[in-house]
There are 2 protein chains.
Amino acid sequence: MTKTRAELTELEGTILGVVRRGGPMTAYAVRSVFLSSVSAEWSGSAGAVYPAITRLVRAGFLKESAVHDGRRSKTYALTRSGIAANDSWICDIGRAAGAGQDPFRIRAALWSLLPASRRRAMAKALIEEMKKRQTAVTAGLQNRGDPDAIMDQLYCMLLEQRIGWIKEKFS
Amino acid sequence: MTKTRAELTELEGTILGVVRRGGPMTAYAVRSVFLSSVSAEWSGSAGAVYPAITRLVRAGFLKESAVHDGRRSKTYALTRSGIAANDSWICDIGRAAGAGQDPFRIRAALWSLLPASRRRAMAKALIEEMKKRQTAVTAGLQNRGDPDAIMDQLYCMLLEQRIGWIKEKFS
DNA sequence: GTGCCCATGTAATCTGTTACATGATTAG
DNA sequence: CTAATCATGTAACAGATTACATGGGCAC
């Protein structure tokens, strides 16, 4: 009886998704996706990714793939049960309907407490930052053969809606 | 020299915000806010809230308030520096512009991998769940003198946008 | 008086972060 | 050859979760 956790963490599920979409790849490549992504908010730290992959291998969801690149790298791919596990993870309605610990919403609820001048300054700076990120994401969408396309598109929509909301409320 | 962390965690900042808006209150009352909130996604676990409040007291951001309720409860309120700390936390542009580890976006990026029938079933169930949450949040907005109003409103907007997006993409 | 909610806390565990350590391979 | 990048990992630490432990006050 191997002790098995009931559900994948968000990081584990995301790693499976990245490998599934990106084809057989190394742990390092998975990290790079996180490190370079504008909208996937993980540090991509080795201390998280390597242990997570170890867990996924032990659980039988990832296996070392035959594909190698001449380096000393290990390349991973999803197993059958890895695909099944990822399927039910992406179909987890309860989690998909939530917004996580959204740092924008949590703050927005408190902005009314600020003095008007500071609130206006904050709104202006925030809109600028959001537009900058939209630009960065849009540029990324054009340059790449893009695995992150949908996530980035949704992030852009989110930013668009929020910029509108801030303008309406704090201007 | 007391060792002081540079920035508040999301939980710490949120606790300060809850106490600031809700007036002097007990740790238990803070937990109840998290436990009952549809849109603030924390477990409200004692093991997170009590230690966090202890840290905030030690940092000088919360103090035991004079207000008591006849029980053995301790009631907390923000200090001057607690208000200042919360102000700069809610004005943290870098974090406010992000969307956190949004469980919807991460999954949406992978739904194209599902067989069409399963995808349609998932889309239908998800829309239902989202509508249910909208109803719950809307009901809450009417019943209460509401501290969570803005956060819940933004959650509703988010759900509205996503329901539209799912319908457009997966129907 | 007994069950339920108020109220506070701790212990074990898990996951993720930062920072460090190491070495292979390739581009200039 | 040497610097940058590829590549893998560990150690110390922080923060959150679940589950447990405890006890006071109130309603029936």
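None of these values were measured; they are calculated from a predicted model. Within every chain, numbering begins at 1; the chains are lettered A, B, ... in the order of the sequence lines, protein sequences first and strands thereafter.
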Side chain of A/Arg31 - closest among C/dT8, D/dT8, D/dA16: D/dT8
Which residue lies more 5' along DNA chain C, comparing B/Ala29 with B/Gln101 via nearest heavy atoms: B/Ala29
Donor-acceptor pair, side chain of B/Trp111 and main chain of A/Ile90, under 3.5 angstrom: yes
Euclidean distance, atom CH2 of residue A/Trp42 to atom C1' of C/dT18 [Å, nearest integer]: 18 Å
Interatomic distance, A/Glu10 CD vs D/dA16 C1' [rounded to whole Å]: 15 Å
Interatomic distance where CD1 belongs to A/Ile15 and P belongs to D/dT8 [whole Å]: 13 Å
Interatomic distance, A/Leu35 CG vs C/dG16 P [rounded to whole Å]: 15 Å
Gap between atoms CD and C1', on B/Glu41 and D/dT17 respectively (whole Å): 15 Å
Sugar-phosphate only, base, or nothing, as touched by A/Ala48 at under 4.0 Å among non-hydrogen atoms: base
Interatomic distance, A/Lys74 NZ vs C/dG23 C1' [rounded to whole Å]: 14 Å
Linked, directly or transitively: A/Leu78 and B/Leu114 (ILVMFWY side chains, under 4.5 Å): yes
Any A/Arg55 side-chain N or O less than 4.0 Å from OP1/OP2 of C/dG16: yes
Sugar-phosphate only, base, or nothing, as touched by A/Ala27 at under 4.0 Å among non-hydrogen atoms: sugar-phosphate
Nearest-neighbour nucleotide for the A/Ala46 side chain, C/dT17, C/dA19, C/dT10 considered: C/dA19
Euclidean distance, atom CZ of residue A/Phe34 to atom P of C/dT15 [Å, nearest integer]: 15 Å
Sugar-phosphate only, base, or nothing, as touched by A/Ser43 at under 4.0 Å among non-hydrogen atoms: sugar-phosphate
Test item: B/Arg133 side-chain N/O and B/Leu159 main-chain N/O as donor-acceptor pair under 3.5 Å: no
Aromatic ring pairing B/Trp165/B/Phe170, orientation class (parallel under 30°, perpendicular over 60°, tilted between): perpendicular
Nearest-neighbour nucleotide for the B/Tyr28 side chain, C/dT15, D/dT8, C/dC6 considered: C/dC6
Between C1' of D/dT17 and CZ of A/Arg95, the distance in whole Å: 13 Å
Candidates D/dA16, C/dG9, C/dT15 - which lies nearest the side chain of A/Thr9: C/dT15
Nearest-0.5 Å distance that lies between atom CZ in A/Arg118 and atom CG in B/Asp87: 5.0 Å
Short side-chain N/O contact to D/dT8 OP1/OP2 from A/Tyr50, under 4.0 Å: yes
